[in-house]
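Worksheet: the structure to be examined is printed underneath.
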Amino acid sequence: MKRTVILSIIAIVVLVFLCGPYAGLAIPVLLLAYFYMKYHKEREESPDAERMDMLTTVDEVTAKYGEPDDVIVTNAVLANEVGGAILVYQQQGFMIAAGAKIPISDIESVAAKNMATPYTVAEYQVIITCRNKDYRYIRFNVGYDEDWASQVVADIEKYRAG
């Protein structure tokens, strides 16, 4: 076991003995807080999962990375925002989809899925499955048209296949 885990267990046992059994109720809360902070710290340090949180428009992305080789419009209403278009940088080997910078070589599959249930009407989503565990699935809505969703999938597959 790691030294920090052993020290944490000893500290918990001492805390329960000194403060009584009610101190044990705080342990799950502390553990959840620890793992939450650890997860977000690892996520921020991960170079592969670069999020585009600060860049919200296509103009800001092109100012940072240059002109894309292709732009796949996923939502015509949001076409000038990062969430409404996929910017493909084939020469550099990545694309920006739904605010995430994805290496093209990491894409395992692309699929369109109707998110409707028997009681609701919902949009189609395009789901990109990646090899990297930090951003395994990337989902974005493409509207209510099945043909449009299929075309977006075909356009992404075109670049994935090479």
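Only a predicted model underlies this, so the values are computations on that prediction, with no experimental measurement involved.
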Non-hydrogen side-chain atoms of Tyr89 and Asp70 separated by less than 4.5 Å: no
Side-chain donor-acceptor pair present, Gln151, Asp155, cut-off under 3.5 Å: yes
Whether Asp145 side chain and Asp147 backbone form a donor-acceptor pair below 3.5 Å: yes
Within-4.5 Å side-chain heavy-atom neighbours: Glu81 and Leu78: yes
For Gln92, all residues meeting side-chain hydrogen bond (donor to acceptor under 3.5 Å, both in side chains), sequence neighbours excluded: none
Candidate pair Met95 and Leu87, rule side-chain contact (heavy atoms from CB on, under 4.5 Å), full reasoning: CA-CA 6 Å; Met95 65 176 55; Leu87 301 161; over 6 Å; no
Least distance between heavy atoms, Val142 atom then Ala149 atom: CG2-CB, 3.6 Å
Note, Ile96 side chain near Val82 side chain (heavy atom, < 4.5 Å): yes
Among Ile128, Thr129, Ile127, the one residue meeting side-chain contact (heavy atoms from CB on, under 4.5 Å) with Ser109: Thr129
With Asn114 via side-chain contact (heavy atoms from CB on, under 4.5 Å) - residues at least two apart: Ala116, Tyr124
Nearest non-hydrogen partners of Ala97 and Ile138, listed with the distance: O-CG2, 3.9 Å
Any Ser150 side-chain heavy atom under 4.5 Å of Val153 side chain: no
Glu123 and Lys113 ion-paired at < 4.0 Å: no
Atom pair CD/CD of Glu67 and Gln91 - distance to nearest 0.5 Å: 14.0 Å
Side-chain heavy-atom pair Ile102, Ile107 within 4.5 angstrom cut-off: yes
Intermediate values then yes/no, side-chain contact (heavy atoms from CB on, under 4.5 Å), Val110 and Tyr159: CA-CA 11 Å; Val110 183; Tyr159 290 105; over 6 Å; no
side-chain contact (heavy atoms from CB on, under 4.5 Å) evaluation trace for Glu108 with Arg136: CA-CA 10 Å; Glu108 283 184 354; Arg136 182 81 174 139; 3.4 Å; yes
Interatomic spacing from CD1 in Ile86 to CG in Asn75 - rounded to 0.5 Å: 11.5 Å
Stepwise side-chain contact (heavy atoms from CB on, under 4.5 Å) check, Asp106 with Ile104: CA-CA 5 Å; Asp106 275 1; Ile104 294 174; over 6 Å; no
